[in-house]
> 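Dumping the structure here so I can ask a few things about it.
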Amino acid sequence: MDCSFIARAENILIDGKTGCGKSFLACALGRQACFMGYRVEYFSMNKFIERIALAKLDGTIIKVINHIQRNDLVIFDDFGLQPLDNNSRLALLQILEDCYMRKSVIVTSQLPVAKWYDYINEPTLADAIMDRLTAGETHRIELKGESLRRKKQK
């Protein structure tokens, strides 16, 4: 919680079942980073894919990518829920390339990290994206347990 991972430009990959607290943990880390003066941007992957598609249509994609890259920490939540189109894969690669060894990224997913390559679904881009996410010092957190939402209902 001291956010030293940001100063060291380290990534955090969080996976686990639905409702186990992945998004909560990522947002808690992001909020703490904000309190400590870091610039943070959060995206659910669905909104990220939509934002990239709209930016591609209206010609502002470079502006959007540059805006995202200005942050110290970028959070991509629910990686793997919606298929990535080619524009989203390319934008994600460009963001990760520019963040590599300079900024931090947190990614949450219901998919185990070992299945992210297949989810990206384009071998060359998958290699490049996964290399930038996992090379260097990367913290992997696998959350276990049942859905906290179901527990609250009981």
> Hey, are the side chains of Val40 and Arg31 touching, using non-hydrogen atoms and a 4.5 Å cut-off?
no
> Side chains of Phe48 and Met45: does their closest heavy-atom pair fall under 4.5 Å?
yes
> When Ile, Leu, Val, Met, Phe, Trp and Tyr are grouped by side-chain heavy atoms lying under 4.5 Å apart, directly or through other members, which residues fall in the same group as Met101?
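In the cluster with Met101 are Tyr100.
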> Taking atom types as modelled, find out whether Asp78 and Ser44 have a side-chain donor-acceptor pair closer than 3.5 angstrom.
no
> Run Glu142 and Lys144 through salt bridge (Lys or Arg N to Asp or Glu O under 4.0 Å) and show every step you take.
CA-CA 6 Å; Glu142 185 179 347; Lys144 306 266 186 202; 3.0 Å; yes
> So, do Tyr38 and Ile6 sit near enough that their side-chain heavy atoms are less than 4.5 Å apart?
yes
> Heavy-atom distance under 4.5 Å between the side chains of Glu10 and His139, does that happen here?
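Answer yes - side chains close enough.
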> I'd like to know if the side chain of Asp77 pairs up with that of Thr108 as donor and acceptor (distance under 3.5 Å, no hydrogens or angles considered).
yes
> Is it the case that over 12 heavy atoms from other parts of the model lie below 6.0 angstrom from the CZ atom of Arg8?
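Correct, the count exceeds 12.
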> Checking Ser88 against Asp85: is there a side-chain donor and acceptor pair closer than 3.5 Å?
yes
> Measuring only between side-chain heavy atoms, which start at C-beta, is Tyr117 closer than 4.5 Å to Ile129?
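Contact flag for Tyr117/Ile129 side chains = no.
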> Out of Ile49, Ile120, Thr124, which one pairs with Arg89 under the side chain to side chain contact (heavy atoms under 4.5 Å, CB included) rule?
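Running side chain to side chain contact (heavy atoms under 4.5 Å, CB included) over Ile49, Ile120, Thr124 with Arg89 returns exactly one hit, Ile120.
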